[in-house]
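Here's the structure we're looking at; comments come further down.
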Protein chains: 2
Amino acid sequence: MRERTSPTAAKAAPRRTAVSVDVVLLTPHGKTLATLLRRAPDLRSRERWMLPWDGARTDEMLENAADRIARDALGAAPAWLEQIGAFGDARRHPGEADISIAFVGLVAAGAPAPVGGDEAWFPLADIPALPPRHKQVIDTAFEAVRLRLDQVPIAFRLLPPTFTLTDLQGIYEILLGRRLHKASFRRALQTAWLVEPTDEWRSEGRGRPAQLYRFAPRKRRVSRRGVRFDLLGA
Amino acid sequence: MRERTSPTAAKAAPRRTAVSVDVVLLTPHGKTLATLLRRAPDLRSRERWMLPWDGARTDEMLENAADRIARDALGAAPAWLEQIGAFGDARRHPGEADISIAFVGLVAAGAPAPVGGDEAWFPLADIPALPPRHKQVIDTAFEAVRLRLDQVPIAFRLLPPTFTLTDLQGIYEILLGRRLHKASFRRALQTAWLVEPTDEWRSEGRGRPAQLYRFAPRKRRVSRRGVRFDLLGA
DNA sequence: TCAATAGTGTCTGTTAGACATTATGGA
DNA sequence: TCCATAATGTCTAACAGACACTATTGA
(Lines give C-alpha, C1' and ligand atoms only; values in the text may rest on other atoms or scores of the structure.)
Protein backbone atom coordinates (compact mmCIF):
# COMPACT_ATOMS: atom_id res chain seq x y z
CA MET A 1 0.00 0.00 0.00
CA ARG A 2 1.17 3.48 -0.87
CA GLU A 3 1.99 6.04 1.72
CA ARG A 4 -0.87 8.47 1.94
CA THR A 5 -0.35 12.17 1.77
CA SER A 6 -2.08 14.22 4.40
CA PRO A 7 -5.37 15.71 3.24
CA THR A 8 -4.13 19.16 4.04
CA ALA A 9 -1.43 18.71 1.41
CA ALA A 10 -4.19 18.69 -1.19
CA LYS A 11 -5.35 22.06 0.06
CA ALA A 12 -2.50 23.75 -1.73
CA ALA A 13 -3.88 25.93 -4.50
CA PRO A 14 -3.65 24.38 -7.99
CA ARG A 15 -0.73 25.59 -10.03
CA ARG A 16 -1.39 27.71 -13.06
CA THR A 17 -1.68 25.81 -16.29
CA ALA A 18 -2.01 26.80 -19.94
CA VAL A 19 -5.50 25.71 -21.03
CA SER A 20 -7.07 25.89 -24.48
CA VAL A 21 -10.60 25.32 -25.76
CA ASP A 22 -10.66 23.41 -29.05
CA VAL A 23 -13.76 22.84 -31.19
CA VAL A 24 -14.53 20.05 -33.63
CA LEU A 25 -17.27 21.19 -36.00
CA LEU A 26 -18.95 18.41 -37.95
CA THR A 27 -21.26 18.60 -40.94
CA PRO A 28 -22.52 16.01 -43.46
CA HIS A 29 -20.51 15.90 -46.65
CA GLY A 30 -21.65 13.39 -49.24
CA LYS A 31 -21.55 9.95 -47.67
CA THR A 32 -19.32 11.01 -44.78
CA LEU A 33 -18.79 13.87 -42.35
CA ALA A 34 -16.48 16.83 -42.71
CA THR A 35 -14.76 18.85 -40.03
CA LEU A 36 -13.76 22.50 -40.15
CA LEU A 37 -10.04 23.21 -40.01
CA ARG A 38 -8.22 26.51 -39.80
CA ARG A 39 -5.02 27.30 -41.60
CA ALA A 40 -2.12 27.48 -39.18
CA PRO A 41 0.43 30.19 -39.98
CA ASP A 42 3.70 28.46 -40.63
CA LEU A 43 7.02 30.21 -41.01
CA ARG A 44 8.14 27.86 -43.73
CA SER A 45 4.87 28.63 -45.57
CA ARG A 46 3.89 25.00 -45.69
CA GLU A 47 0.23 23.96 -45.68
CA ARG A 48 -0.58 23.37 -42.04
CA TRP A 49 -4.00 23.05 -40.50
CA MET A 50 -5.48 22.83 -37.02
CA LEU A 51 -8.79 22.84 -35.21
CA PRO A 52 -10.29 26.21 -34.32
CA TRP A 53 -9.20 26.97 -30.77
CA ASP A 54 -8.47 29.74 -28.32
CA GLY A 55 -7.05 30.10 -24.85
CA ALA A 56 -9.47 29.57 -21.96
CA ARG A 57 -10.39 32.75 -20.14
CA THR A 58 -11.15 32.73 -16.46
CA ASP A 59 -14.00 35.22 -16.95
CA GLU A 60 -15.93 33.03 -19.38
CA MET A 61 -17.73 29.71 -19.06
CA LEU A 62 -16.15 26.93 -21.09
CA GLU A 63 -19.36 26.49 -23.08
CA ASN A 64 -19.38 30.17 -23.94
CA ALA A 65 -15.79 30.01 -25.08
CA ALA A 66 -16.57 27.07 -27.32
CA ASP A 67 -19.58 28.84 -28.74
CA ARG A 68 -17.53 31.95 -29.43
CA ILE A 69 -14.81 29.95 -31.16
CA ALA A 70 -17.38 28.10 -33.25
CA ARG A 71 -19.10 31.33 -34.30
CA ASP A 72 -15.79 32.88 -35.21
CA ALA A 73 -14.93 29.94 -37.42
CA LEU A 74 -18.35 29.43 -38.97
CA GLY A 75 -19.87 32.87 -39.06
CA ALA A 76 -22.91 31.36 -37.33
CA ALA A 77 -23.75 29.31 -34.26
CA PRO A 78 -23.59 25.53 -34.56
CA ALA A 79 -26.87 23.65 -34.13
CA TRP A 80 -25.52 21.77 -31.13
CA LEU A 81 -22.46 21.99 -28.94
CA GLU A 82 -21.22 19.60 -26.28
CA GLN A 83 -18.05 19.05 -24.37
CA ILE A 84 -16.22 15.83 -25.07
CA GLY A 85 -13.49 16.04 -22.48
CA ALA A 86 -10.10 17.36 -21.46
CA PHE A 87 -6.96 16.24 -23.22
CA GLY A 88 -3.80 16.59 -21.25
CA ASP A 89 -1.30 14.04 -22.41
CA ALA A 90 2.02 14.86 -23.97
CA ARG A 91 0.71 15.20 -27.51
CA ARG A 92 1.63 18.53 -28.94
CA HIS A 93 -0.90 21.35 -29.21
CA PRO A 94 -0.46 24.23 -31.67
CA GLY A 95 -0.71 26.77 -28.84
CA GLU A 96 1.48 24.78 -26.49
CA ALA A 97 -1.49 24.31 -24.18
CA ASP A 98 -0.88 21.85 -21.37
CA ILE A 99 -4.54 20.92 -21.31
CA SER A 100 -7.09 21.24 -24.10
CA ILE A 101 -10.80 21.13 -23.39
CA ALA A 102 -12.51 19.86 -26.50
CA PHE A 103 -16.04 20.44 -27.72
CA VAL A 104 -17.92 18.98 -30.64
CA GLY A 105 -20.40 21.08 -32.58
CA LEU A 106 -22.88 19.97 -35.20
CA VAL A 107 -23.68 22.00 -38.29
CA ALA A 108 -26.66 21.32 -40.52
CA ALA A 109 -26.01 20.00 -44.01
CA GLY A 110 -25.69 22.63 -46.68
CA ALA A 111 -23.82 25.11 -44.53
CA PRO A 112 -22.14 27.72 -46.70
CA ALA A 113 -18.42 27.29 -47.14
CA PRO A 114 -16.49 29.52 -44.75
CA VAL A 115 -16.01 32.92 -46.30
CA GLY A 116 -12.36 33.59 -45.58
CA GLY A 117 -9.60 31.51 -47.08
CA ASP A 118 -8.38 30.52 -43.65
CA GLU A 119 -10.97 27.86 -42.89
CA ALA A 120 -12.15 24.89 -44.91
CA TRP A 121 -14.19 21.71 -44.53
CA PHE A 122 -12.26 18.46 -44.77
CA PRO A 123 -13.95 15.06 -45.13
CA LEU A 124 -13.08 12.85 -42.18
CA ALA A 125 -11.44 10.33 -44.49
CA ASP A 126 -9.19 13.01 -45.93
CA ILE A 127 -7.85 14.96 -42.95
CA PRO A 128 -4.42 16.48 -43.54
CA ALA A 129 -1.57 16.15 -41.07
CA LEU A 130 -2.59 17.79 -37.81
CA PRO A 131 -1.06 18.51 -34.44
CA PRO A 132 -1.19 15.11 -32.70
CA ARG A 133 -3.56 16.23 -30.01
CA HIS A 134 -6.00 17.56 -32.59
CA LYS A 135 -6.01 14.26 -34.43
CA GLN A 136 -6.90 12.53 -31.18
CA VAL A 137 -9.59 15.09 -30.40
CA ILE A 138 -11.29 14.58 -33.77
CA ASP A 139 -11.35 10.82 -33.32
CA THR A 140 -12.83 11.19 -29.86
CA ALA A 141 -15.40 13.69 -31.13
CA PHE A 142 -16.68 11.33 -33.80
CA GLU A 143 -16.86 8.48 -31.31
CA ALA A 144 -18.70 10.65 -28.77
CA VAL A 145 -21.29 11.61 -31.36
CA ARG A 146 -21.78 8.00 -32.37
CA LEU A 147 -22.21 6.87 -28.75
CA ARG A 148 -24.81 9.52 -27.90
CA LEU A 149 -26.70 9.01 -31.16
CA ASP A 150 -29.71 7.25 -29.71
CA GLN A 151 -29.97 9.34 -26.55
CA VAL A 152 -29.73 12.83 -27.99
CA PRO A 153 -31.35 14.14 -31.21
CA ILE A 154 -27.97 14.41 -32.90
CA ALA A 155 -29.01 13.36 -36.37
CA PHE A 156 -31.59 16.13 -36.59
CA ARG A 157 -28.95 18.76 -35.84
CA LEU A 158 -27.06 17.64 -38.93
CA LEU A 159 -30.06 18.35 -41.16
CA PRO A 160 -31.91 21.51 -42.13
CA PRO A 161 -35.32 22.15 -40.51
CA THR A 162 -37.10 20.06 -43.12
CA PHE A 163 -35.67 16.91 -44.62
CA THR A 164 -36.68 13.65 -46.26
CA LEU A 165 -36.68 10.37 -44.37
CA THR A 166 -34.01 9.16 -46.76
CA ASP A 167 -31.85 12.11 -45.70
CA LEU A 168 -32.37 11.21 -42.07
CA GLN A 169 -31.58 7.56 -42.64
CA GLY A 170 -28.44 8.62 -44.49
CA ILE A 171 -27.23 10.55 -41.45
CA TYR A 172 -27.78 7.54 -39.22
CA GLU A 173 -25.91 5.37 -41.70
CA ILE A 174 -22.96 7.77 -41.75
CA LEU A 175 -22.80 7.91 -37.99
CA LEU A 176 -23.28 4.19 -37.43
CA GLY A 177 -21.05 3.20 -40.31
CA ARG A 178 -23.48 0.65 -41.74
CA ARG A 179 -26.59 0.37 -43.87
CA LEU A 180 -29.99 0.32 -42.20
CA HIS A 181 -33.18 -1.34 -43.28
CA LYS A 182 -35.56 1.21 -44.78
CA ALA A 183 -38.86 -0.22 -43.59
CA SER A 184 -37.55 -0.94 -40.08
CA PHE A 185 -36.05 2.52 -39.83
CA ARG A 186 -39.35 4.14 -40.70
CA ARG A 187 -41.36 1.91 -38.40
CA ALA A 188 -39.07 2.74 -35.47
CA LEU A 189 -39.31 6.40 -36.33
CA GLN A 190 -43.09 6.21 -36.44
CA THR A 191 -43.45 4.55 -33.06
CA ALA A 192 -41.01 7.03 -31.51
CA TRP A 193 -43.20 10.00 -32.59
CA LEU A 194 -40.15 12.08 -33.46
CA VAL A 195 -41.05 13.64 -36.81
CA GLU A 196 -44.15 15.03 -38.47
CA PRO A 197 -44.77 15.39 -42.21
CA THR A 198 -45.01 18.77 -43.86
CA ASP A 199 -47.11 19.29 -46.99
CA GLU A 200 -44.03 19.73 -49.14
CA TRP A 201 -42.31 17.29 -51.41
CA ARG A 202 -38.87 17.37 -52.93
CA SER A 203 -37.93 15.89 -56.27
CA GLU A 204 -34.35 14.70 -56.56
CA GLY A 205 -33.52 13.86 -60.16
CA ARG A 206 -35.51 10.86 -61.33
CA GLY A 207 -37.86 8.81 -59.15
CA ARG A 208 -40.83 9.66 -57.03
CA PRO A 209 -40.50 12.86 -54.97
CA ALA A 210 -40.01 12.43 -51.24
CA GLN A 211 -42.16 14.06 -48.61
CA LEU A 212 -40.43 16.53 -46.33
CA TYR A 213 -40.59 16.05 -42.56
CA ARG A 214 -39.69 18.20 -39.60
CA PHE A 215 -38.32 17.23 -36.22
CA ALA A 216 -41.26 17.41 -33.80
CA PRO A 217 -40.92 15.03 -30.86
CA ARG A 218 -44.33 14.33 -29.32
CA LYS A 219 -43.92 11.61 -26.78
CA ARG A 220 -41.52 10.97 -23.94
CA ARG A 221 -40.11 7.48 -24.22
CA VAL A 222 -40.17 5.89 -20.79
CA SER A 223 -37.53 3.45 -22.01
CA ARG A 224 -38.48 0.23 -20.24
CA ARG A 225 -35.99 -1.69 -22.36
CA GLY A 226 -34.07 -4.63 -21.04
CA VAL A 227 -30.34 -4.72 -20.60
CA ARG A 228 -28.37 -5.19 -23.79
CA PHE A 229 -24.83 -6.26 -22.78
CA ASP A 230 -23.29 -4.76 -25.92
CA LEU A 231 -19.95 -4.71 -24.17
CA LEU A 232 -16.93 -3.91 -26.27
CA GLY A 233 -13.33 -4.74 -25.60
CA ALA A 234 -12.99 -7.08 -22.61
CA MET B 1 -23.34 37.90 -38.48
CA ARG B 2 -20.60 38.49 -35.94
CA GLU B 3 -17.42 40.22 -36.78
CA ARG B 4 -14.74 37.60 -37.10
CA THR B 5 -11.45 37.87 -35.33
CA SER B 6 -8.41 37.22 -37.41
CA PRO B 7 -7.11 33.67 -37.14
CA THR B 8 -3.76 34.91 -36.01
CA ALA B 9 -5.41 36.34 -32.91
CA ALA B 10 -5.95 32.77 -31.78
CA LYS B 11 -2.23 32.17 -31.98
CA ALA B 12 -1.75 34.00 -28.69
CA ALA B 13 -0.60 31.56 -26.02
CA PRO B 14 -3.34 30.47 -23.60
CA ARG B 15 -3.35 32.31 -20.32
CA ARG B 16 -2.45 30.44 -17.19
CA THR B 17 -5.37 28.97 -15.36
CA ALA B 18 -5.79 27.19 -11.99
CA VAL B 19 -6.79 23.59 -12.80
CA SER B 20 -7.73 20.81 -10.43
CA VAL B 21 -8.33 17.08 -10.88
CA ASP B 22 -11.33 15.83 -8.87
CA VAL B 23 -12.29 12.19 -8.45
CA VAL B 24 -15.68 10.64 -7.79
CA LEU B 25 -15.20 7.15 -6.35
CA LEU B 26 -18.31 4.97 -6.41
CA THR B 27 -18.99 1.66 -4.67
CA PRO B 28 -22.17 -0.34 -4.06
CA HIS B 29 -23.74 0.29 -0.67
CA GLY B 30 -26.90 -1.63 0.09
CA LYS B 31 -29.47 -0.80 -2.57
CA THR B 32 -27.63 2.32 -3.75
CA LEU B 33 -24.14 3.61 -4.45
CA ALA B 34 -21.84 5.47 -2.12
CA THR B 35 -19.16 8.01 -2.94
CA LEU B 36 -15.98 8.74 -1.04
CA LEU B 37 -15.71 12.19 0.50
CA ARG B 38 -12.82 13.80 2.27
CA ARG B 39 -13.14 16.02 5.30
CA ALA B 40 -12.40 19.64 4.40
CA PRO B 41 -10.50 21.55 7.06
CA ASP B 42 -12.72 24.37 8.17
CA LEU B 43 -11.65 27.22 10.38
CA ARG B 44 -14.96 27.26 12.20
CA SER B 45 -14.58 23.51 12.81
CA ARG B 46 -17.86 22.73 11.14
CA GLU B 47 -18.40 19.43 9.34
CA ARG B 48 -17.46 20.12 5.76
CA TRP B 49 -16.75 17.57 3.07
CA MET B 50 -15.48 17.55 -0.49
CA LEU B 51 -14.38 15.20 -3.24
CA PRO B 52 -10.77 14.03 -3.21
CA TRP B 53 -8.88 16.37 -5.50
CA ASP B 54 -5.48 17.87 -6.20
CA GLY B 55 -4.00 20.50 -8.45
CA ALA B 56 -3.14 19.42 -11.98
CA ARG B 57 0.58 19.14 -12.62
CA THR B 58 2.02 19.86 -16.01
CA ASP B 59 4.46 16.96 -15.69
CA GLU B 60 1.78 14.34 -15.22
CA MET B 61 -0.95 12.95 -17.44
CA LEU B 62 -4.46 13.73 -16.25
CA GLU B 63 -5.24 10.02 -15.93
CA ASN B 64 -2.17 9.51 -13.78
CA ALA B 65 -3.15 12.38 -11.55
CA ALA B 66 -6.63 10.91 -11.11
CA ASP B 67 -5.17 7.51 -10.33
CA ARG B 68 -2.82 9.00 -7.77
CA ILE B 69 -5.62 10.93 -6.09
CA ALA B 70 -7.81 7.83 -6.01
CA ARG B 71 -5.05 5.71 -4.49
CA ASP B 72 -4.36 8.35 -1.89
CA ALA B 73 -7.99 8.41 -0.88
CA LEU B 74 -8.65 4.67 -1.02
CA GLY B 75 -5.32 3.11 -0.15
CA ALA B 76 -5.71 1.04 -3.31
CA ALA B 77 -6.33 1.51 -7.01
CA PRO B 78 -9.94 1.70 -8.19
CA ALA B 79 -11.13 -1.08 -10.49
CA TRP B 80 -11.87 1.41 -13.26
CA LEU B 81 -11.21 5.05 -13.89
CA GLU B 82 -12.53 7.33 -16.61
CA GLN B 83 -12.69 11.01 -17.27
CA ILE B 84 -16.13 12.57 -17.25
CA GLY B 85 -15.26 16.09 -18.34
CA ALA B 86 -14.07 19.54 -17.42
CA PHE B 87 -16.15 21.80 -15.20
CA GLY B 88 -15.46 25.47 -15.52
CA ASP B 89 -18.55 27.42 -14.63
CA ALA B 90 -18.78 29.86 -11.77
CA ARG B 91 -19.63 27.25 -9.15
CA ARG B 92 -17.21 27.38 -6.30
CA HIS B 93 -14.44 24.86 -5.92
CA PRO B 94 -12.75 24.18 -2.56
CA GLY B 95 -9.33 24.94 -4.02
CA GLU B 96 -10.52 27.95 -6.00
CA ALA B 97 -9.73 26.12 -9.20
CA ASP B 98 -11.00 27.89 -12.32
CA ILE B 99 -11.41 24.58 -14.08
CA SER B 100 -11.86 21.13 -12.57
CA ILE B 101 -11.27 18.00 -14.59
CA ALA B 102 -13.40 15.27 -13.10
CA PHE B 103 -12.92 11.51 -13.14
CA VAL B 104 -15.14 8.72 -11.96
CA GLY B 105 -13.64 5.60 -10.41
CA LEU B 106 -15.37 2.34 -9.57
CA VAL B 107 -14.58 0.33 -6.46
CA ALA B 108 -15.70 -3.26 -5.95
CA ALA B 109 -18.32 -3.94 -3.30
CA GLY B 110 -16.95 -4.77 0.11
CA ALA B 111 -14.07 -2.34 -0.06
CA PRO B 112 -12.68 -1.72 3.41
CA ALA B 113 -13.69 1.54 5.02
CA PRO B 114 -10.96 4.17 4.57
CA VAL B 115 -8.46 3.87 7.40
CA GLY B 116 -8.00 7.47 8.42
CA GLY B 117 -10.80 9.53 9.85
CA ASP B 118 -10.55 12.00 7.02
CA GLU B 119 -12.42 10.03 4.39
CA ALA B 120 -15.78 8.28 4.51
CA TRP B 121 -18.32 6.69 2.17
CA PHE B 122 -21.64 8.51 1.82
CA PRO B 123 -24.68 6.94 0.15
CA LEU B 124 -25.70 8.98 -2.89
CA ALA B 125 -29.07 9.72 -1.34
CA ASP B 126 -27.41 11.12 1.76
CA ILE B 127 -24.66 13.42 0.52
CA PRO B 128 -23.86 16.29 2.89
CA ALA B 129 -23.57 19.88 1.76
CA LEU B 130 -20.71 20.12 -0.72
CA PRO B 131 -18.97 22.82 -2.71
CA PRO B 132 -21.44 23.51 -5.55
CA ARG B 133 -19.12 22.33 -8.26
CA HIS B 134 -18.58 19.02 -6.48
CA LYS B 135 -22.30 18.42 -6.21
CA GLN B 136 -22.57 18.93 -9.95
CA VAL B 137 -19.61 16.65 -10.62
CA ILE B 138 -21.14 13.81 -8.60
CA ASP B 139 -24.43 14.07 -10.47
CA THR B 140 -22.60 14.03 -13.78
CA ALA B 141 -20.48 11.07 -12.69
CA PHE B 142 -23.50 8.95 -11.84
CA GLU B 143 -25.15 9.86 -15.13
CA ALA B 144 -21.99 9.06 -17.09
CA VAL B 145 -21.78 5.63 -15.48
CA ARG B 146 -25.42 4.93 -16.26
CA LEU B 147 -25.03 5.96 -19.89
CA ARG B 148 -21.97 3.78 -20.50
CA LEU B 149 -23.46 0.82 -18.68
CA ASP B 150 -24.18 -1.33 -21.71
CA GLN B 151 -21.03 -0.43 -23.64
CA VAL B 152 -18.39 -0.94 -20.97
CA PRO B 153 -18.22 -3.71 -18.33
CA ILE B 154 -19.00 -1.25 -15.56
CA ALA B 155 -21.17 -3.50 -13.44
CA PHE B 156 -18.41 -6.08 -13.11
CA ARG B 157 -16.02 -3.46 -11.72
CA LEU B 158 -18.44 -2.85 -8.89
CA LEU B 159 -18.32 -6.50 -7.83
CA PRO B 160 -15.58 -8.72 -6.40
CA PRO B 161 -13.97 -11.29 -8.75
CA THR B 162 -16.69 -13.84 -8.06
CA PHE B 163 -20.31 -12.95 -7.53
CA THR B 164 -23.80 -14.36 -7.82
CA LEU B 165 -26.06 -13.50 -10.72
CA THR B 166 -28.42 -11.91 -8.23
CA ASP B 167 -25.56 -9.63 -7.13
CA LEU B 168 -24.94 -8.68 -10.74
CA GLN B 169 -28.59 -8.00 -11.43
CA GLY B 170 -28.70 -5.87 -8.28
CA ILE B 171 -25.89 -3.67 -9.63
CA TYR B 172 -27.73 -3.19 -12.90
CA GLU B 173 -30.89 -2.32 -11.00
CA ILE B 174 -29.06 0.26 -8.91
CA LEU B 175 -27.52 1.87 -11.97
CA LEU B 176 -30.66 1.79 -14.09
CA GLY B 177 -32.93 2.78 -11.23
CA ARG B 178 -35.52 0.11 -11.95
CA ARG B 179 -36.23 -3.58 -11.43
CA LEU B 180 -35.23 -6.09 -14.09
CA HIS B 181 -36.80 -9.37 -15.03
CA LYS B 182 -34.72 -12.22 -13.63
CA ALA B 183 -35.21 -14.76 -16.39
CA SER B 184 -34.69 -12.19 -19.14
CA PHE B 185 -31.60 -10.86 -17.43
CA ARG B 186 -30.04 -14.31 -17.26
CA ARG B 187 -30.98 -15.18 -20.83
CA ALA B 188 -29.38 -11.98 -22.13
CA LEU B 189 -26.31 -12.69 -20.02
CA GLN B 190 -26.08 -16.22 -21.39
CA THR B 191 -26.29 -15.20 -25.02
CA ALA B 192 -23.69 -12.47 -24.44
CA TRP B 193 -21.14 -15.01 -23.14
CA LEU B 194 -19.94 -12.61 -20.49
CA VAL B 195 -19.68 -14.78 -17.38
CA GLU B 196 -18.69 -18.33 -16.56
CA PRO B 197 -19.72 -20.34 -13.51
CA THR B 198 -17.23 -21.36 -10.84
CA ASP B 199 -17.71 -24.52 -8.78
CA GLU B 200 -18.51 -22.53 -5.69
CA TRP B 201 -21.85 -21.71 -4.13
CA ARG B 202 -22.76 -19.10 -1.56
CA SER B 203 -25.53 -19.47 0.99
CA GLU B 204 -27.14 -16.22 2.04
CA GLY B 205 -29.45 -16.82 5.00
CA ARG B 206 -32.38 -18.99 4.00
CA GLY B 207 -33.14 -20.23 0.53
CA ARG B 208 -31.18 -22.19 -2.01
CA PRO B 209 -27.49 -21.22 -2.28
CA ALA B 210 -26.49 -19.31 -5.40
CA GLN B 211 -23.71 -20.35 -7.72
CA LEU B 212 -20.78 -17.98 -8.01
CA TYR B 213 -19.73 -16.67 -11.41
CA ARG B 214 -16.75 -14.79 -12.70
CA PHE B 215 -16.48 -12.19 -15.45
CA ALA B 216 -15.05 -14.00 -18.47
CA PRO B 217 -16.12 -12.48 -21.79
CA ARG B 218 -15.81 -15.00 -24.61
CA LYS B 219 -17.38 -13.53 -27.66
CA ARG B 220 -17.14 -10.24 -29.45
CA ARG B 221 -20.61 -8.87 -30.05
CA VAL B 222 -20.84 -7.52 -33.56
CA SER B 223 -23.81 -5.42 -32.50
CA ARG B 224 -26.00 -5.39 -35.61
CA ARG B 225 -28.87 -3.83 -33.68
CA GLY B 226 -31.33 -1.48 -35.26
CA VAL B 227 -31.69 2.16 -34.30
CA ARG B 228 -33.54 2.75 -31.04
CA PHE B 229 -34.56 6.43 -30.96
CA ASP B 230 -34.51 6.55 -27.15
CA LEU B 231 -34.20 10.30 -27.31
CA LEU B 232 -34.55 12.18 -24.07
CA GLY B 233 -35.48 15.82 -23.61
CA ALA B 234 -36.56 17.34 -26.91
C1' DT C 1 -41.90 2.86 -71.72
C1' DC C 2 -38.13 2.36 -68.67
C1' DA C 3 -35.42 3.56 -64.75
C1' DA C 4 -35.10 5.17 -60.32
C1' DT C 5 -36.60 6.33 -55.98
C1' DA C 6 -40.49 6.71 -52.30
C1' DG C 7 -43.38 4.39 -49.45
C1' DT C 8 -46.01 0.32 -47.48
C1' DG C 9 -47.98 -4.46 -46.44
C1' DT C 10 -46.90 -9.15 -45.09
C1' DC C 11 -44.24 -12.85 -43.32
C1' DT C 12 -40.91 -14.86 -40.17
C1' DG C 13 -37.34 -15.53 -36.77
C1' DT C 14 -35.78 -13.47 -32.48
C1' DT C 15 -36.41 -11.84 -28.06
C1' DA C 16 -38.25 -9.63 -23.76
C1' DG C 17 -41.44 -10.20 -20.23
C1' DA C 18 -45.08 -12.93 -17.68
C1' DC C 19 -45.92 -17.00 -15.46
C1' DA C 20 -45.28 -21.36 -13.61
C1' DT C 21 -42.55 -24.95 -11.88
C1' DT C 22 -38.76 -27.37 -9.95
C1' DA C 23 -34.51 -27.28 -6.87
C1' DT C 24 -32.27 -26.75 -2.58
C1' DG C 25 -30.94 -25.07 1.38
C1' DG C 26 -32.08 -22.87 6.43
C1' DA C 27 -35.26 -22.03 10.19
C1' DT D 1 -42.38 -29.21 7.63
C1' DC D 2 -42.46 -24.59 5.84
C1' DC D 3 -40.34 -20.75 3.78
C1' DA D 4 -37.20 -18.25 1.05
C1' DT D 5 -34.38 -17.95 -2.66
C1' DA D 6 -32.14 -20.04 -6.99
C1' DA D 7 -32.75 -21.59 -11.47
C1' DT D 8 -35.21 -22.81 -15.56
C1' DG D 9 -38.96 -24.14 -19.01
C1' DT D 10 -42.99 -22.44 -21.65
C1' DC D 11 -46.05 -19.14 -23.63
C1' DT D 12 -47.05 -14.78 -25.85
C1' DA D 13 -46.69 -10.17 -27.59
C1' DA D 14 -43.57 -7.01 -29.69
C1' DC D 15 -40.32 -6.16 -33.04
C1' DA D 16 -36.48 -6.27 -36.48
C1' DG D 17 -35.25 -7.70 -40.95
C1' DA D 18 -36.39 -9.74 -45.53
C1' DC D 19 -39.17 -9.47 -49.37
C1' DA D 20 -42.43 -8.02 -52.40
C1' DC D 21 -45.30 -4.84 -54.12
C1' DT D 22 -47.41 -0.33 -55.34
C1' DA D 23 -46.76 4.79 -56.30
C1' DT D 24 -44.86 8.53 -58.71
C1' DT D 25 -41.77 11.07 -60.96
C1' DG D 26 -37.92 12.15 -64.90
C1' DA D 27 -35.57 10.59 -68.93
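Each chain gets a letter, A, B and so on, in the order its sequence line appears, and its residues count up from 1. Hydrogens, waters and symmetry mates play no part in the numbers below; they use all other heavy atoms, side chains included.
The base of D:dG17 sits with one of its N or O atoms less than 3.5 Å from a complementary donor or acceptor on the side chain of A:R187.
Counting only residues at least two apart or in different chains, side-chain hydrogen bond (donor to acceptor under 3.5 Å, both in side chains) contacts with residues 76-86 of chain B comprise B:E82-B:R148. Sorted by first and then second residue, the side-chain hydrogen bond (donor to acceptor under 3.5 Å, both in side chains) pairs involving residues 130-141 of chain B (not counting sequence neighbours) are B:D22-B:H134, B:R91-B:Q136, B:S100-B:R133, B:K135-B:D139. Residue pairs meeting the side-chain hydrogen bond (donor to acceptor under 3.5 Å, both in side chains) criterion with at least one partner in residues 23-34 of chain B, sequence neighbours excluded, do not occur; the list is empty.
Nearer to the 5' terminus of DNA chain D, by closest-nucleotide assignment, is the contact made by B:T166 (compared with the other of B:T166 and B:V227).
As a whole-Å value, the separation of A:L165 CG from C:dT5 C1' is 13 Å. The interatomic distance linking A:F185 (CZ) with C:dT8 (P) rounds to 14 Å, in whole Å. Atom C1' of nucleotide D:dC15 and atom NE2 of A:H181 are separated by 13 Å, given to the nearest angstrom. With rounding to whole Å, B:L212 atom CG is found 12 Å from D:dA6 atom P. The distance from atom NZ of B:K182 to atom P of C:dA20 is 15 Å, rounded to the nearest whole Å. Rounded to a whole Å, the CD atom of A:Q169 is 14 Å from the P atom of D:dA16.
With sequence neighbours excluded, the residues forming a ring-ring contact (aromatic ring centres under 6.0 Å, His included) with B:F185 are A:F229, B:Y172, listed by chain and number. With sequence neighbours excluded, the residues satisfying side chain to side chain donor-acceptor pair (under 3.5 Å) with A:R202 are A:D167.
The minimum heavy-atom distance between B:P52 and B:L36, with the atom names listed, is CD-O, 3.4 Å.
Between A:R186 and C:dG7 there is a side-chain polar atom (N or O) within less than 4.0 angstrom of OP1 or OP2.
Sorted by residue number, the members of residues 198-209 of chain A with any non-hydrogen atom under 4.0 Å from DNA chain C read A:R206, A:G207, A:R208, A:P209.
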